Asker: 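Got a structure for you, written out below as structure tokens; questions coming shortly.
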Amino acid sequence: MSKKNNENANLKAKCRSKTEKNIKTCYYPGCNEESINSHILQKNGVLNKIAKDAHLWEIIVDEYSTERFVFKRKGLNKIFSFNCFCNHHDSSLFKQIESKTLDFTNYKTNLLFTLRTLYNEIFKKQKNIKIKECLIKENPNKFDIDETLKTINDENLAIKDLQIIEQKILHDLNSSDETFVFNYREIDDIGLCLSSFFTYDTTEEIEKAEAEIGKELDRYSEIFINIFPYENKAILMTAYEKIDKSKVENYINDFYNTDPKICYQKITNLALFNCENWVINDDFYANNVKGIEDKFIEVVNFALYENSANKDERKNFDINFYEKDFKDKFKNLEIK
Ligand SMILES: [Zn+2]
């Protein structure tokens, strides 16, 4: 790494670590208490069920790597966690989903899983904004200011959209209204936990629609998804807003097809091309990742990183984490 690149990497790493600690107010509306570090999916009963020696793997940003991302094995206390609620709200709100047996037919159980996923998305966006602000402040000459300000603006708009969904979730939690459609099914447990949201509309579709009406779309259709071990299987749970039903239903139905292969292929494509928020255990790493780490990182850069080249996020490739030939197929996959 050249001296200049190394200085940039140092600065980015510094801003990144500073920022993480600076988002520390409880997300519950109106609460100003300090937030505690909590897990996106419960540490005890979910993450520890798939972990070996209390460790899991995730893809992290590494400013010193030329590819920007690397796989890292991390301890359970630190992985898949963020500063979310204060102690009071963390324990009072989520009591219902901290118990051993969960009732997935219960609307509020599903809402609570979705709420934590949503706050984690807001957290990640706020973190990104703060990192960019820190970079400009520390050394305005080193970074493309226009580009950086555009990212900050985009992230702020995305947070506003998420806050609209947040209000709907909180409204439903405190009433008998049901604004969302939840689905769940049992699937095989392969040592994967995923908690994320993604926009159903592809970049290509959004650009086309916006060109037609000559302005930005008022809203996108967002889908929330969780995958986690439960009893001896795993649960797949999806959520979307009722108003999007006719639009997204066919896409969602594939996840619930009686042929699990169709569901598993969808999950694989989703994890690789649409959601970066997942962790895996040692077995998953050995079976599906080891030796082809570069391919995963290539896909992250192609599909998930800022200004990525991928415009057709729902494209479905013939790859499947749940089958033995995944590594061979993925290794040779032409993604562009
Ligand atoms: Zn609070």
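Side chains included, hydrogens not; waters and symmetry mates left out as well; all remaining heavy atoms used. As the structure lists them, so they are numbered: ligands from 1, and atoms in each ligand from 1. Bear in mind that the values here come from a model prediction, so they are computed numbers and not experimental data.
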Asker: Which label fits W57 and F71: parallel for a plane angle under 30°, tilted from 30 to 60°, or perpendicular past 60°?
Answerer: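 Geometry flag for F71 against W57: perpendicular rings.
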
Asker: Return yes when the gap between the SG atoms of C86 and C31 is under 2.5 Å; return no otherwise.
Answerer: no

Asker: If you look at H89, which of its N/O/S atoms is nearest to the Zn ion (ligand 1)?
Answerer: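 For H89, the N/O/S atom sitting closest to the Zn ion (ligand 1) is ND1.
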
Asker: Please calculate the SG(C31)-the Zn ion (ligand 1)-SG(C86) angle and round it to 10 degrees.
Answerer: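 Approximately 110° at the metal, rounded to tens of degrees.
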
Asker: If I take every N, O or S atom of C26, is at least one of them less than 2.8 Å from the Zn ion (ligand 1)?
Answerer: yes

Asker: So among N106, D172, T179, which one has a side-chain contact (heavy atoms from CB on, under 4.5 Å) with L111?
Answerer: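 Between L111 and the candidates, side-chain contact (heavy atoms from CB on, under 4.5 Å) is satisfied uniquely by D172.
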
Asker: Taking only Lys NZ, Arg NE, NH1 and NH2, and the carboxylate oxygens of Asp or Glu, determine whether K315 and E334 approach each other closer than 4.0 Å.
Answerer: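 The answer is no: the pair does not qualify as a salt bridge.
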
